[in-house]
Amino acid sequence: MKGRVFLIGDNIDTDVIAPAGYLHLGIPALRDHVLEAVRPDFHTLVRPGDIIVAGKNFGYGSSREQAPAVLKDIGISLILARSFARIFFRNSINIGLPLGIIKDLNSVKDGDIVDYDIESGKLYDDSGNIIALFAGPTGPLSEILAEGGMVNFIKMKLGIK
Amino acid sequence: MSDHPKTMAEKILSRASGKSSIAGDYVWAVPDLVYLNDLMGPVALSVIRKIGIGKINYGGKLIFIVDHIYPPKDVSSANNIKIIREYAEENNFVFIQGGEGIEHTVLIEKKLIRPGDLAVGTDSHTVTLGAVGCMGVGMGITDVSAIMALGKNWFLVPESIQIDLIGRLRKYVSGKDIILSVLKILKEDGANYMSMEFHGEAIRHLSIDQRMAIANMTVEAGAKAGMIEPDELVGRFFDIDEEDLKNVRSDEGSHFAQRVDIDLDSIGPQIAVPYSPANVHDVKEYVGVRVDQVYIGNCANGTITDLREAAEVLRNRTVAKGVKLIIVPGSRDIYRQALKEGLIDVFLDAGAVISPPNCGACAGLHMGVLGDGETAISNTNRNFKGRMGSPESRVYLANTYVAAAAALDGRIIDPEASL
Ligand code: SF4
């Protein structure tokens, strides 16, 4: 997959990703406000395939699943971070939005176009050099992601077609 | 393995999964209680529909409670309440209509949970239940739907941090300052994926209200649960004898990944400054900061103890000209008690507006949303960018004395120096 990098900092919280004042209106209403407090232009720039590269504790704060859901809805296909907040991590996998914990990262700039392979956990620059290694989820989460999210996982468990 | 000394989290998850487990184990556990609010409930039901199951396989207590946007502010929020009410009624689940109070406050007040329970809520502040030794864990709607569909969900048994509290709190210093002092040390992710367990001789001097303030903000360090070791006070509240309480507390010799000591005598009023609840300083460093709004309420600090503290500051005084003072009792019972004690009169005389029990502007939902460039001081739990309204607004978090005192002059003051 190929996409643009949105580089953001540490402790990006769920109120910044999905402001609570629009939650009751649903995902479409959140699209114009996603990350607006830190990146007002984000919703106009993002395209399917784009990725977020963040610092530590991405998704800090509330339990709102709308945070990963609106990022996925607007086109984000992978989030890489030094670490993730617990609930955000579960929520993302549950809705089938891939996450990677950065193991090794060479310089990557905001706006860079990168190639990535989620299976092998590698990020490449536009000349094909590896610029980052990342690890996906382990434990029950890897099974859930393999099914494409929690809804499919539950269906599989319950034998629902 | 069964005689391995266990932390509270290890004990609770061992019981709920029917399998002796320690930190690092993955278990499938059945929560004793699951609760959903008006903001998340309708979305969870849409996930349930997507899964396509006819009946709910969860056998524990399932509660739908309205608190976030009540009374409804628009058609969408009214529809959300209608959706969960109809669903709960059709399926015979407990439905608590708005006005009863904020979910976590109500669950403790009405004794809907007990020490040693595992409770899951669609809200990160489910950790508040740790005030009485219940393992409250926040999850997203799909995870909660999974519990409804499968009857259980997976948990990673967390490592625990031991927080030892000694000494006594000074006047004008409260439970809020204890947890802010802890956040100052652990920062935003110091307890990510972990359970925080509070021990120490100081606990017996803390009311359940103060313990709620502490447990409530453990999630601000990323904690999965934050529990205060239940003592006789909690035993009396729930009518549980000492032997049974002992089973809830962690065992002698259980393993803690880290230990933090807090000497209550040494802490003064604290303040979390924008834009993080872990960006904590002494209030005295921020004396003089102008505020447009003072907000007193929310799931941790809308208690009768908080309202008494606010009334103590506001009695026979008035709010500075132009400052908005919004007071939100955490529940109907708290509201009624405040009326009986004459606190509501004190607030009205001071120039406050009293909101019905709800989440209100705590999360920027309604009833006190901040405008561009406005500054608020609040005794709530989050001050993220845009949390209470405009992305251009700023929120300071402090205890109730400090918040109320800022309304008098429209500037932050140190109650220890100036009240
Ligand atoms: S009062 Fe605030 S923190 Fe508590 S549940 Fe409501 S919105 Fe969340």
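Order of the sequence lines fixes the chain letters, A, B, ..., with proteins taken first and strands second; residue numbering starts at 1 for each chain.
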> More than 12 heavy atoms of other residues, nucleotides or ligands under 6.0 Å from CZ of Arg39(A): is that the case?
Replying inline: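 Yes, CZ of Arg39(A) has more than 12 neighbouring heavy atoms, counting only those of other groups under 6.0 Å.
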For the candidates [options], which exhibits the highest count of non-hydrogen atom pairs separated by less than 4.5 Å from chain A?
| options | answer |
| --- | --- |
| Gly386(B), Ala146(B), Ala223(B) | Ala146(B) |
| Gly364(B), Gly138(B), Ser390(B) | Gly138(B) |
| Asp74(B), Ile141(B), Val75(B), Asp123(B) | Ile141(B) |

>> Could you walk me through whether Gln66(A) and Met40(B) satisfy the side-chain contact (heavy atoms from CB on, under 4.5 Å) test, starting with their C-alpha distance in whole Å, then the side-chain angles of each, then the deciding distance to 0.1 Å, before giving a yes or no?
In response: CA-CA 9 Å; Gln66(A) 289 90 339; Met40(B) 299 301 161; 3.6 Å; yes
> Under the side-chain contact (heavy atoms from CB on, under 4.5 Å) criterion, do Phe153(A) and Thr142(B) qualify, and how do the steps go?
Replying inline: CA-CA 11 Å; Phe153(A) 179 82; Thr142(B) 301; over 6 Å; no
State, yes or no, whether a side-chain contact exists between [X] and [Y] at a heavy-atom distance under 4.5 Å.
| X | Y | answer |
| --- | --- | --- |
| Thr138(A) | Tyr26(B) | yes |
| Lys56(A) | Asp189(B) | yes |
| Lys187(B) | Asp10(A) | no |

Give, for atom [atom1] of [X] and atom [atom2] of [Y], the distance between the pair rounded to the nearest 0.5 Å.
| X | Y | atom1 | atom2 | result |
| --- | --- | --- | --- | --- |
| Thr14(A) | Arg387(B) | OG1 | CZ | 7.5 Å |
| Asp13(A) | Tyr275(B) | CG | OH | 11.5 Å |
| Asn192(B) | Phe88(A) | CG | CZ | 12.5 Å |
| Ile154(A) | Asn57(B) | CD1 | CG | 10.5 Å |

Chain B contacts, top residue of [options] (heavy-atom pairs, under 4.5 Å):
| options | result |
| --- | --- |
| Leu158(A), Ile144(A), Val38(A), Ile95(A) | Leu158(A) |
| Ser62(A), Gly21(A), Pro140(A) | Pro140(A) |
| Asn91(A), Asn11(A), Leu23(A) | Asn11(A) |

>> Closer than 3.5 angstrom, by distance alone: can the side chain of Arg90(A) be matched with the main-chain N or O of Asp143(B) as a donor-acceptor pair?
In response: no
> Does Asn57(A) use its side chain to pair, donor to acceptor, with the backbone of Glu188(B) at less than 3.5 Å?
Replying inline: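 Answer holds: yes.
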What is the minimum heavy-atom distance between [X] and [Y], and which atoms define it?
| X | Y | result |
| --- | --- | --- |
| Ser124(B) | Gly61(A) | CB-O, 3.5 Å |
| Pro277(B) | Tyr60(A) | CG-OH, 3.5 Å |
| Lys155(A) | Ile51(B) | CE-O, 3.4 Å |
| Ala363(B) | Ala20(A) | O-CB, 3.1 Å |
| Lys385(B) | Val16(A) | O-CG2, 3.8 Å |
| Leu39(B) | His24(A) | CD1-CB, 3.7 Å |

Can you tell me which portion of [X] sits under 4.5 Å from chain A's heavy atoms? Options are side chain, backbone, both or neither.
| X | value |
| --- | --- |
| Phe384(B) | both |
| Lys73(B) | side chain |
| Arg382(B) | side chain |
| Asn80(B) | side chain |
| Glu392(B) | neither |
| Val369(B) | neither |

> Within 45° of the axis and under 6.0 Å from the centre of the six-membered ring of Trp28(B), does NZ or CZ of Lys157(A) qualify?
Replying inline: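 Checked: cation-pi criterion met.
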